[in-house]
Every structure is written in C-alpha cells, then in structure tokens.
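Remarks on the structure that follows.
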Amino acid sequence: MTSSEDLHKRRLAAVAKGVGSVVNAYVDHAKNGTITDVDGREWIDFASGIAVTNVGNAAPRVVEAVRAQVERFTHTCFMVAPYESYVAVCEQLIALTPGSFEKRAALFNSGAEAVENAVKIARHATGRPAVVVFDHAYHGRTNLTMALTAKNMPYKHRFGPFAPEVYRAPMSYPLRDGGLSGAEAARRAIDVIEKQVGGPNVAAVLIEPIQGEGGFVVPAPGFLPAIAAWAKANGAVFVADEIQTGFARTGQWFASEHEGLEPDLITTAKGMGGGLPIAGVVGRAELMDAVHAGGLGGTYGGNPIACAAALAAIETMRELDLCAAARRIESIIEPALQEMRDPGVAEVRGRGAMLAIELVLPGGIEPDPTRTARVSKACHDAGLLTLTCGTYGNVLRFLPPLVISDEDLGRGLGILRAALRS
Ligand SMILES: *Cc1c(COP(=O)(O)O)cnc(C)c1O
C-alpha cells in the first residue's frame, strides 16, 4: 500500500507548489465525521473540506443519487440539451432561500463563479459599474473575485492587476472596532460608500453574513439590516455571499435568516452539493431575468451528476433536520470553547456549526498567529483536522460535518483542549 510519505514525494514532483494542503496525510476514505488516511490513521474532521460535507462525507443518499445518475447520462450541457435535475435544484434554491418575492436561479461550478455571475447580473440589471465589498471579505480566487477579496497573502499577492470598480468599506468587527453597535458600524460604512463611491454608481453591495476566510467575523446586530436598507434606498442590489454560511451550516438554511434579511441575490456553493462541485445564484426574478438569453451559463454549470448530488444533499438536510443538528453542535462546542478560554483567547464566536476562537497576546487584542499555528499543528499531530482563518491568521475555526457523532465531537474537543494547554 502506498504511504502518505510516498505520495507526498510524488506530489512534490508533480503538483504545483502554489497549491497547498493543510496536512500531508493522503486520504483513503471518509465517512460522516472522520477521514482515514492511506496509512490507516483516522482523523476527526472539524473542517468538512471547508464547509462542504455538511451532510457528511460519502453520505448514503448522495452516493446513491450520483451512482444512479452517472449510469443514466453524465453530461449534455444544460445550454445544449436541458434536463429535469437542473430545474429541480433551481426550484429548491427558490424555496429554501429567504424572500417570498418571485425568484429565479442559475447554476455554476464553483463559489467564485457564482459570485462573478451575481456581479454580472447586478451590473446588467442596474446599468451601474461599482461593487462595494468589505474589509476581511473573501469571495474567491478568479480575477474579479480576487479584487473582491480583502487579504493580500496568499490570495492576491503578485496576481494583479485586478478588476476595476471594486470599493472596500469598513466591516463591523465587534472585537476590533471598539465595540461599535451595528447601527454605528453601518453608518461608518455608508459614509465611506457615499463619500468615495456615490450611491447612484453602486450596482451591488456584496457581503458574507458571517465572514468565512476573513475570520468568522459576526457583525454586530443591526449592521446587515442597515446595509441592506441602504442598498434598497439607493437602488443597489444587496447580495449575500452564503457560500460558506449556507445550507444549514449556521443552524438556519441561510445565515441571512438570523437577522430577517431578504437579500436581492444570494450566492451558494460549498455545502450545496454534498461534496460535488456545484454553485448557484438565486434571487429576485426581475434582476435574474434582466439578462439577455445566452448571457449566463458555462459548459459544466449544473452538471447532471452535481445536480443529483445537490438534490440528495438537500433531501438529507431536510430528513435529518440538519439545521437543528447545527444548533445542537453549537450547544455542545460553544460552552466547551468558553470553558477552554484562557487570557490568550479573546473571543468565542460564530453560529451553529460555524464557530471559532480568536487568539491574541494576553492583556490586549494583538493577534497571536504564532500560537494559532502551534495549536493547529498540535491538533493535527493528535489526529484532529482543524483550519485557521482571519486577516491576521489568528483564528481557529471549527466546521464539523453536521452529522458528526457526539463521540467524535467529544474526542475532537478533547484534542483541542489539550492542544490549547500545551
Ligand atoms: C469558498 C468561498 C468562496 C469561493 O468558493 P470556491 O468554490 O472556492 O470558488 C466565495 N465566497 C465565500 C464566502 C467562500 O467561503
């Protein structure tokens, strides 16, 4: 049997260095909350492949649906010869997203592609150029989405020049903005937008309801509704990037629901496909339908195998009530993280099964990326797969599959506790 060490040697000679991995253990198989590597070592999964395997890895319904579809047909291209599952996924997106207005949806391959298309639609529908994004935002790695993403290393460094007409506003980040209220932080952001961009130029205001790569930043209550209200009053399209927060992750189908938001457009991907690559843009029919026929699409967007997987994943979320499961995971992890707090843990935050701790130097809020990397490494050494995030690299984030067993959850938390103490 090939070992991880052998595979790693082959990888170094074959795979571009620019593609990194969190651990050098090569996967053999994975199930629910665990991943087993080719050396036979079992890992507890607090990453879900970055919030993708919400329904668990190799979830039975997804496996069955993919198997059945792959035997029927693998690809026709929806733009060439359409099929039911694409329509059914769009119907699900319309039914599951907040907003009782008339909606339409379109399918793509990746999160970045969904975000690009949301911007295309907003610009086309409004006839305006500017896109407003926020500090610490992450929206992808294509040229336009790099421009939308805030952080230079590793996402943007030496990859410019970037797409124009992208403007950055200050985010509500309660730990780091002196505890501005949601209304105050929104006022500050709106000042920047109005003074530096001008309301009539804004096509879209694009925001993650809880920031993902940027540090699991939960804005102060009232911030998102105030930004959405400004967009509405100024004829700009309010786009919620729910690629990481969507599909039951935060304890609701979409995180926008926590504050009663009804975004004009929502981008989805990650958890949507149960592990297969699929993404969507869903929102107001008058915006979505503004684009001329043939203006949106792509060879693989809404591939039938990915659509079958998405329908099976959504059915699993409903059947197992994974929104409730996410809230239950929160009720276990959140108090455990509070109990692990020491003077170097500035904050425990997040919602549902999207939780994080931010590590700082004791006595202030100076970020501590060194300890974050050390704790992370200690977790990996002990068999717990965790991820870091944050503009300052000082946030440990926890994204277990929503079907993880209490036993695996408990074992994972035990490893984390020991790693924080070491
Ligand atoms: C992951 C992510 C993206 C990009 O998705 P890809 O599928 O990696 O292109 C965009 N926005 C958010 C909020 C994400 O978490």
Side-chain angles (χ1 to χ4, degrees), residues 18-22 47-54 97 106-120 122 131-151 154-156 159 163 166 168 171 173 204-219 224 238-250 254-256 258 261 263 265-283 298 300-303 306 309-310 313 350-356 387-391 395 397-399:
V19 182
S21 295
V22 173
S48 298
I50 319 188
V52 168
T53 53
N54 293 4
T97 47
L107 304 180
F108 305 97
N109 302 295
S110 67
E113 215 188 327
V115 172
E116 292 240 0
N117 278 280
V119 171
K120 280 170 67 172
V131 181
V132 173
V133 288
F134 290 82
D135 286 333
H136 314 289
Y138 181 88
H139 298 293
R141 295 172 179 270
T142 57
N143 187 264
L144 174 58
T145 57
M146 275 193 295
L148 302 170
T149 290
K151 193 176 177 178
Y155 308 121
K156 301 168 77 166
F159 293 140
V166 172
R168 197 164 303 285
M171 179 66 183
Y173 190 158
V205 178
L206 168 65
I207 192 163
E208 300 154 88
I210 299 175
Q211 291 185 319
E213 310 306 295
F216 280 30
V217 178
V218 185
L224 293 168
F238 181 75
V239 186
D241 181 348
E242 293 248 21
I243 288 167
Q244 192 153 159
T245 49
F247 285 101
R249 175 52 61 185
T250 69
F254 291 92
S256 293
H258 293 290
L261 295 174
L265 298 178
I266 293 179
T267 55
T268 71
K270 293 203 164 101
M272 178 179 179
L276 272 83
I278 188 165
V281 180
V282 56
Y300 290 114
N303 166 274
R351 275 202 169 104
M354 183 173 180
L355 297 167
L387 303 173
T388 59
C389 63
T391 296
V395 178
R397 59 171 153 172
F398 311 108
L399 290 163

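Being a predicted model, the structure only gives us computed values, none of them experimental. Every number for a ligand or one of its atoms is a count from 1 in the order of the listing. Just so you know, residue 1 is the first one in the sequence shown, and it goes up from there.
- Using a 4.0 Å cut-off to heavy atoms of Ala112, the atoms of ligand 1 that qualify are 4 (C), 5 (O), 6 (P), 9 (O).
- Counting heavy atoms under 4.0 Å from ligand 1, residue Glu113 does not touch it at all.
- Remark: of the listed residues Ile278, Thr245, Ile243, Thr53, Ile243 is the sole one forming a side chain to side chain contact (heavy atoms under 4.5 Å, CB included) with Lys270.
- With rounding to the nearest 0.5 Å, the separation of OG1 in Thr97 from CD1 in Ile266 is 5.0 Å.
- Protein heavy atom closest to atom 5 (O) of ligand 1, with residue, atom name and distance, is Gly111 CA, 3.2 Å.
- Atoms of ligand 1 lying under 4.0 Å from any heavy atom of Asp241, numbered from 1 in the order shown and given with element: 10 (C), 11 (N), 12 (C), 13 (C).
- For atom 8 (O) of ligand 1, the nearest protein heavy atom is 4.0 Å or more away.
- In this structure, Tyr155 places its OH atom where more than 12 heavy-atom neighbours from other residues, nucleotides or ligands lie under 6.0 Å away.
- Distance CD/Glu242 to CD/Glu208: 10.0 Å, rounded to 0.5 Å.
- Those atoms of ligand 1 with a heavy atom of Glu208 less than 4.0 angstrom away are 13 (C).
- Contact check on Glu113 versus Lys120 returns no salt bridge, with no Lys/Arg side-chain nitrogen under 4.0 Å from an Asp/Glu carboxylate oxygen.
- For atom 15 (O) of ligand 1, the candidate residues are Lys270, His139, Glu213; the nearest heavy-atom contact is made by Lys270.
- Against a heavy-atom cut-off of under 4.0 Å, Ser110 is close to the following atoms of ligand 1: 7 (O), 9 (O).
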Report task. I would like to know whether Phe108 and Tyr300 meet ring pair (Phe, Tyr, Trp, His ring centres under 6.0 Å); could you show each step before the answer? Result -> CA-CA 7 Å; Phe108 305 97; Tyr300 290 114; over 10 Å; no
